[in-house]
Undergrad: 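Okay, here's the structure, questions in a sec.
Throughout, a chain's letter reflects where its sequence line sits, starting with A, and its residues are numbered from 1.
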Amino acid sequence: MPHQTEDIEIGLLLEALYQRYHYDFRHYARASIKRRLLQARSHFNMPSLTALQERVLHDPEMLPRLLGFLTVQVSEMFRDPGYFRALREQVLPHLRTYPSLKVWIAGCSAGEELYSMAILFREEGLFDRTLFYATDINPDALRAAEAGIYPLDRIRKFTENHQKSGGRSSLSDYYTADYGRAVFDKSLRANVVFSDHSLVTDAVFAEMQLISCRNVMIYFDRGLQDRAVGLFRESLARHGFLGVGSKESLRFSRHAAAFSEFVPEEKIYRKREA
Amino acid sequence: MSSAPDRAVVIGASAGGVQALLALLPALPADFPWPIFIVLHVPADRSNVLAPLFEAQCGLEVKEAEDKEPVRSGVVYFAPSDYHLLVEENGDLALSSDEAINYSRPSIDVLFESAADAYGEGLIGVILTGANNDGAAGLKAVHAAGGVALVQDPTAAYARTMPQAARQACNAALVLPLERIADYLKGLERE
Ligand SMILES: C[S@@+](CC[C@H](N)C(=O)[O-])C[C@H]1O[C@@H](n2cnc3c(N)ncnc32)[C@H](O)[C@@H]1O
């Protein structure tokens, strides 16, 4: 049965990655991790996943390349504009009552979501009192997020999303175009801490008023989702807000009862009184 | 989860797919015993009308698939727009926002290949009308895992490219006119 052999190889390869490099994909949703490993196998021209495992075990330079396959980097600025509109109109009025704020973008990819949030907070006059944490496990993505540079051909979509989110300014106020690239204003990351942090293996590091973790937990199995939501629950201040991706929900989570649905259509939750 | 059903139907359709599914799904009885997973390519802004549209016409429960949702028998699940739908071996559904495959998200191949892993010979794959090649590799995977491969007769399909490509990739597939597919599925149930 080739299909059973592959399943054994996948389990061994993920175990090897964990023991050798401490990247833990063992409890990611299996069907899609399998697809991505098989893509990596053919990309690197390996006869089998076992051969791929041997290569990555002995050659640390393979690790970032394999991580590029294992983590999905699809993102855009103001992705699902309705989500950012709901933050603007319904969540930020509550946050306004705090003298200082902490916001965590967990799984920030190349920074699209972080810059969206920073622009939103600036438009609403909350930027100066906010500290943002942008975390991810993919070092290339974190580097890209810190640089804040995107190909110009992505900007049209970003601009359209920003408008739909109720943007009060023009997105072009925040970047300069340069050789086919949009370079975002570095003042947007003045209050940002970029950091390597895994929702699977790391712990809570600060108390937040808002956590946005979108299209990350969708790649986890149910047990891991419970772990991640548990971290958010622990990290959130009283009445803190948690936003997840448009096709994610806390409905099947062990922690469902700890949250109330604040804007159900946009998957924004609020932590209940303990 | 021992209660997860051991057989399932996957259906892929593109251009002309709404009409084809309106001919197929309402012809299935309300007590159809297996889950049905469907990828239908439609413009993103129209996709969330699919479940209500079909629910009104069918005896079966019809819904949009949710991430990590346990699969139930006799329920029709549509992939949401802009997300791939996968079936896990433990019987849960999973969504992913991975890159489009062959310009398609959701992708028929992604659904069929994951379902073939999960259900093996218990799976029935059906490719209907469509104007691209999505689903051909998926149907081949269904057959390779020991499942049943069905293709709508391309000569009578609204768009024949997709069923034709599927038949070429999987020449063991059974070719049936659209009107006969529901009866064929009901027949499998009686086996
Ligand atoms: C599809 S992107 C989502 C980007 C953005 N949040 C959005 O919704 O557009 C998923 C991100 O999650 C990151 N990721 C995967 N596993 C993670 C983990 N265990 N902890 C933190 N981030 C993780 C990936 O590296 C990737 O950058």
Undergrad: For the CD atom on B/E121, are there more than 12 heavy atoms of other groups (residues, nucleotides or ligands in this structure) within a distance under 6.0 Å?
TA: no
Undergrad: Could you check whether any side-chain heavy atom of A/R30 comes within less than 4.5 Å of a side-chain heavy atom of B/E89, counting everything from C-beta outward?
TA: no
Undergrad: Hey, are the side chains of B/L86 and A/K34 touching, using non-hydrogen atoms and a 4.5 Å cut-off?
TA: no
Undergrad: Output the option from B/E66, B/E99, B/E88, B/H84 having the highest count of non-hydrogen pairs under 4.5 Å with chain A.
TA: B/E88
Undergrad: Which one, A/I218, A/V72, A/V74, A/D221, leads in non-hydrogen pairs under 4.5 Å with chain B?
TA: A/I218
Undergrad: Contact part of B/L93 toward chain A, heavy-atom cut-off under 4.5 Å: side chain, backbone, both or neither?
TA: neither
Undergrad: Given that the side chain runs from C-beta out, which part of A/S75 has a heavy atom under 4.5 Å from chain B: side chain, backbone, both or neither?
TA: neither
Undergrad: How many angstroms lie between atom CD of A/E248 and atom NZ of B/K68, to the nearest 0.5 angstrom?
TA: 8.0 Å
Undergrad: Within the 4.5 Å heavy-atom criterion, are A/F220 and B/D67 side-chain neighbours or not?
TA: no
Undergrad: With the threshold set at 4.0 Å, does a side-chain nitrogen-carboxylate oxygen contact exist between A/K247 and B/E64?
TA: yes
Undergrad: Heavy-atom cut-off 4.5 Å, strictly under: side chain, backbone, both or neither for B/V110 against chain A?
TA: both
Undergrad: Less than 4.0 Å between a side-chain N and a carboxylate O, is that true for B/E113 and A/R35?
TA: yes
Undergrad: Within the 4.5 Å heavy-atom criterion, are A/R79 and B/S97 side-chain neighbours or not?
TA: yes
Undergrad: Is there side-chain contact between B/D92 and A/F252, with heavy atoms separated by less than 4.5 Å?
TA: no
Undergrad: Take a 6.0 Å sphere around OH of B/Y158 and say whether it holds more than 12 heavy atoms from other residues, nucleotides or ligands.
TA: no
Undergrad: State, yes or no, whether a side-chain contact exists between B/D98 and A/Q39 at a heavy-atom distance under 4.5 Å.
TA: no
Undergrad: If you count heavy atoms of other groups shown closer than 6.0 angstrom to NZ of B/K140, is the number above 12?
TA: no
